[in-house]
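Written out below as C-alpha cells is the structure these notes cover.
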Amino acid sequence: MRYTRYFLPVLKETPAEAQIVSHRLMLRAGMVRQATSGIYSWLPLGLKVLRRIEQIVHEEQQAMGAVPLLMPTIQSADLWRESGRYDDYGQEMLRIKDRHDRDMLYGPTNEELITDIFRASASSYRDVPRILYHIQWKFRDEMRPRFGVMRGREFLMKDGYSFDIDKAGAIHAYNKHMVAYIRTFERMGLKAVPMKADTGPIGGDHSHEFLILADTGESEVFLDRAVVDLSLGDRRIDWDDRAAVQALVDQWTGPYARTDETHDPAAFEAAVPEGRRESRRGIEIGHIFYFGTKYSEPMGATVSGPDGKPATLHMGSYGIGVSRLVGALIEANHDEQGVIWPESVTPFHAGIVNLKQGDPEADAACETLYETLTAAGLEPFYDDRDERAGAKFATMDLIGLPWRVTVGPRGLKNGVVELTSRRTGESEELSPEAAAAKLRAIYGR
RNA sequence: CGGGGCGUGGCGCAGUCUGGUAGCGCGCCGGUUUUGGGUACCGGAGGCCGCGAGUUCGAAUCUCGCCGCCCCGACCA
C-alpha cells in the first residue's frame with residue numbers, strides 16, 4: 001500500500017477524550033474513530049490489525065477442532081425468556097422493538113441462540129462432542145464505557161460453545177480451549193496467564209480468565225512468577241488425548257494465579273515462595289467456562305444416549321475479546337513514539353521510507369523494493385508522500401510497523417538502504433536485495 | 001446510577017467572571033526556502049461559538065431547559 005492512496009488520518013496531538021495509552025495511540029495512528037460513547041468505527045489501519053487477530057483466532061480454533069459458523073447480532077427475546085435470562089440480564093442488554101412491536105435485543109452473548117440451533121439438529125450421542133464458535137459483534141450497554149476499544153459497548157468477540165454427553169467430555173472440551181487459548185495468545189506475542197475465576201452459582205473450579213500483564217490493567221492480579229515462564233512453543237498437540245491435554249492444563253494451572261476477586265492471601269503465601277510472589281495488574285482478554293446443563297436443561301437440549309435414554313447436554317462457553325485485544329496489544333507493545341506491533345499482528349509487514357520523493361534513483365529503488373516484497377507475499381507500506389524525512393519517520397514510529405526500510409540518495413550512492421527494527425531501534429545498512437531477503441526470512445515468506 | 005467537568009474552524013486550546021459581533025498553536029491551500037528525525041518565512045481558506053427558548057439596543061459571554069462527551073466511583077468481555 002502506498003501512503004498517498006491510503007486513508008490514514010494520523011493526529012499530531014492527542015484528542016482530549018483519550019486517557020490511556022492504547023486509546024490515545026489508536027486515535028493518533030488513525031486506527032479507530034469514536035462514533036458515539038463506547039462505539040467505534042474501525043479505520044483501515046485498525047481494521048487490518050483486527051482482521052489479523054481474527055485470523056489467528058480462527059486458525060487456532062479450527063486446529064483444536066472447533067467449527068465456525070455465524071450467528072446474528074440481533075436476536076428475538078423469546079429464547080431469552082426460555083432460558084430465564086431475559087429478566088435477569090438487566091440494563092446492560094440493549095432491548096429494542098421491531099415494527100411489529102416484538103421484543104428484540106442486540107446480543108450480548110449467544111448461549112441461547114447456539115443451544116437452540118444445536119438442540120434442533122442433534123439427536124444422538126453420535127452428534128457430540130461438538131464445538132461451535134463464531135466471531136461476531138456484541139453489545140453490552142455499559143454504564144460507563146472507557147479506555148477506548150478496551151471497554152466499549154460494542155465489541156468483537158470470539159465466542160465458542162461446546163456440547164458433550166457428560167461432564168468428563170465437557171471438561172475435556174474446556175481443557176482443549178485452555179490450551180488453544182494459550183497458543184493463540186502466544187502467537188500474538190502476549191504472555192497470557194489463566195487465572196482461576198469466580199464460577200458464581202454453578203460452582204466447581206472450571207472457569208478461568210486469561211489476563212495479560214500490563215501496568216495499565218484494570219484488575220489487580222497475584223501470581224507465582226513460575227507461570228510467566230511457561231511456554232507452549234510450537235509443540236504438537238494431540239487434541240484427542242485427554243490425558244495429554246489435561247497434563248498441559250495442570251502445568252499451567254498449577255502455579256498460583258488469581259485476580260483480586262478470588263485472591264486468597266493466606267493460600268498465596270502458603271503456596272508460593274516469597275521470591276516468586278508477584279502482584280501485578282492485568283487486562284482480561286479471554287474467559288472460559290464450564291456451566292454444565294444451565295441452558296440445556298431449561299431449553300431441553302438433549303440427545304439419546306447409547307442406552308437409548310435422553311441425556312441432557314453438558315456445555316461450556318469460551319470467549320476471546322477480539323477488539324479488546326487490539327487495545328491490549330498496544331498496552332503491552334508501545335513506547336513514547338507510538339505503537340510497536342508484534343510481527344504476527346502488524347497491519348503491514350514493513351514500512352518503506354523514501355527520504356527524497358522525486359529523486360529518480362530513490363523513487364526507483366523504493367518501487368523495486370515495493371514490488372519485490374509484494375511479490376514475496378509481504379505487504380509493505382510505502383510512504384511516498386512529498387514530506388520531510390522527520391515527518392515520515394515520526395509517522396512510521398507512530399503506526400508501529402516492526403520494520404522500516406529507509407531509502408535515500410545518500411545511501412544509494414553506496415548501494416545501501418537502512419533496515420531498522422522498530423522495537424530495538426537497531427539498524428543495519430545493506431543492499432536493497434539483502435534487505436528484502438532479510439524481511440522474507442523474518443516473516444518466513 | 002451517584003459525584004465532578006467540558007462542548008468555540010479537522011485537532012489542541014484562549015476568550016465567558018466584568019455582554020459590544022471571535023482569537024492562538026498545530027494541521028490544510030498557494031509561494032519562496034529547506035531537505036537523513038515533525039524546516040523557516042510570506043500570503044490564504046475555513047467557525048450560524050452543541051441545540052432551543054428568554055433577558056438586552058446588542059449574547060460565545062447572563063438566565064432557564066434540552067442534548068452530547070469526558071473523568072472519579074459502584075458494575076462488566
Side-chain angles (χ1 to χ4, degrees), chain A residues 9-20 23-24 27-28 30 33-39 57 89-93 107-110 135-160 181 192 197-198 200 207-212 217-219 259 261 282-289 317-328 336-338 353-359 362 383 385-398 404-414 416-418 420 425 427 429:
Chain A
V10 299
L11 302 172
K12 207 165 181 175
E13 289 173 275
T14 302
E17 75 262 23
Q19 290 301 304
I20 64 165
H23 191 195
R24 287 204 296 265
L27 291 169
R28 286 195 54 212
R33 178 153 183 176
Q34 180 168 305
T36 184
S37 180
I39 301 180
V57 172
Y89 219 93
Q91 295 295 304
E92 276 189 7
M93 181 149 76
T109 176
N110 289 60
I135 298 180
Q136 178 62 292
W137 292 93
K138 305 286 188 296
F139 194 92
R140 291 184 192 173
D141 199 357
E142 298 280 343
M143 274 185 253
R144 189 184 159 216
R146 62 186 117 170
F147 306 146
V149 300
M150 299 243 291
R151 180 77 182 279
R153 292 194 291 173
E154 187 183 54
F155 56 98
L156 187 62
M157 177 172 160
K158 188 287 299 189
D159 47 321
Y181 276 25
D198 191 359
S207 178
H208 283 84
E209 296 176 334
F210 281 78
L211 290 97
I212 60 164
E218 289 188 84
S219 326
T259 66
E261 287 177 346
I283 300 169
E284 187 184 348
I285 52 175
H287 197 162
I288 58 178
F289 199 66
S317 68
Y318 315 91
I320 292 179
V322 175
S323 50
R324 167 178 277 201
L325 266 169
V326 180
E336 288 298 304
Q337 268 55 250
V353 169
N354 186 343
L355 293 176
K356 191 161 187 178
Q357 207 70 40
D359 177 84
D383 190 344
R385 293 174 300 169
D386 184 16
E387 281 286 349
R388 297 174 55 85
K392 293 190 177 189
F393 289 145
T395 301
M396 280 296 175
D397 288 348
L398 176 62
R404 184 185 82 205
V405 185
T406 310
V407 180
R410 192 181 298 175
L412 289 174
K413 273 203 188 78
N414 303 314
V416 297
V417 296
E418 191 181 67
T420 307
S427 59
E429 295 197 329

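Reckoned from all heavy atoms, side chains included, excluding hydrogens, waters and symmetry mates. Just so we're on the same page: letters track the sequence lines, and every chain starts at 1.
Summarising the geometry, the separation between CE on A:Met396 and P on B:rG36 is reported as 17 Å, rounded to the nearest angstrom. Atom C1' of nucleotide B:rC69 and atom CG of A:Leu27 are separated by 13 Å, given to the nearest angstrom. Between the CG atom of A:Asp383 and the P atom of B:rG36 there is a distance of 15 Å, given to the nearest Å. The separation between A:Glu336 atom CD and B:rG37 atom C1' is 16 Å, rounded to whole Å. Atom CG in A:Asp386 sits about 11 Å away from atom P in B:rG30, given to the nearest Å. If you take CZ of A:Arg388 and C1' of B:rU34, they are 6 Å apart, rounded to a whole angstrom. What separates CD of A:Glu387 from C1' of B:rG37 is a distance of 13 Å, to the nearest Å.
OP1 or OP2 of B:rG27 sits under 4.0 Å from a side-chain N or O of A:Lys12. Listed pair A:Gln337 / B:rG37 fails the phosphate criterion, with no side-chain N or O lying under 4.0 Å from OP1 or OP2.
Of all nucleotides present, none satisfies the Watson-Crick or G-U wobble test against B:rA14 with each distance under 3.5 Å. Within the shown strands, nothing qualifies as a pairing partner of B:rG58 under the Watson-Crick or G-U definition with both distances less than 3.5 Å. The partner of B:rA22 cannot be assigned: no Watson-Crick or G-U wobble pair with both contacts below 3.5 Å exists in any strand. The partner of B:rC69 is B:rG5, judged by Watson-Crick or G-U wobble contacts that both fall below 3.5 Å. Across all strands shown, B:rA40 is found opposite B:rU32 as a Watson-Crick or G-U wobble partner, with both distances under 3.5 Å.
The P atoms of B:rC6 and B:rC17 are separated by 14 Å, rounded to the nearest whole Å. Remark: the separation of the P atoms in B:rG47 and B:rG5 is 33 Å, to the nearest Å.
Both A:Lys356 and A:Gly38 sit near RNA chain B, but only A:Lys356 has its closest nucleotide nearer the 5' end. Comparing A:Leu398 and A:Ala18, the nucleotide of RNA chain B nearest to each residue sits closer to the 5' end for A:Leu398.
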So which protein N/O to nucleotides 74-77 of chain B N/O distances come out below 3.5 Å?
from	atom 1	to	atom 2	distance (Å)
B:rA74	N6	A:Arg146	NH2	3.0
B:rC75	O2	A:Arg151	NH2	3.2
B:rC75	N3	A:Arg151	NH2	2.7
B:rC75	N4	A:Arg146	NH2	3.0
B:rC76	O2'	A:Glu142	OE2	3.2
B:rC76	O2	A:Arg151	NE	3.2
B:rA77	O5'	A:Arg140	NH1	3.1
B:rA77	O3'	A:Glu284	OE1	3.0
B:rA77	O3'	A:Glu284	OE2	2.1
B:rA77	N6	A:Gly152	N	3.4
B:rA77	N6	A:Gly152	O	2.3

What N/O pairs connect the protein and nucleotides 4-11 of chain B at under 3.5 Å? Give each pair on its own line.
from	atom 1	to	atom 2	distance (Å)
B:rC11	O2	A:Glu13	OE1	3.2

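At the heavy-atom level, A:Gln19 lies under 4.0 Å from the strands shown only through sugar-phosphate atoms. Across all strands shown, A:Gly408 has heavy atoms under 4.0 Å from base atoms, whether or not it also approaches the sugar-phosphate. Residue-level contact check: A:Asp397 touches the bases, meaning some heavy atom is under 4.0 Å from a base atom.
In this structure, the nucleotide among B:rG36, B:rG68, B:rC70 sitting nearest to the side chain of A:Thr36 is B:rG68.
The local environment of CD in A:Glu92 is crowded, with over 12 non-hydrogen atoms from other residues, nucleotides or ligands closer than 6.0 Å.
Residues A:Glu142 and A:Gly152 come closest through the heavy atom pair CG-O, 4.0 Å.
A side chain to side chain contact (heavy atoms under 4.5 Å, CB included) with A:Ile320 is found for one member of A:Ile285, A:Ile135, A:Leu325 and no other, namely A:Leu325.
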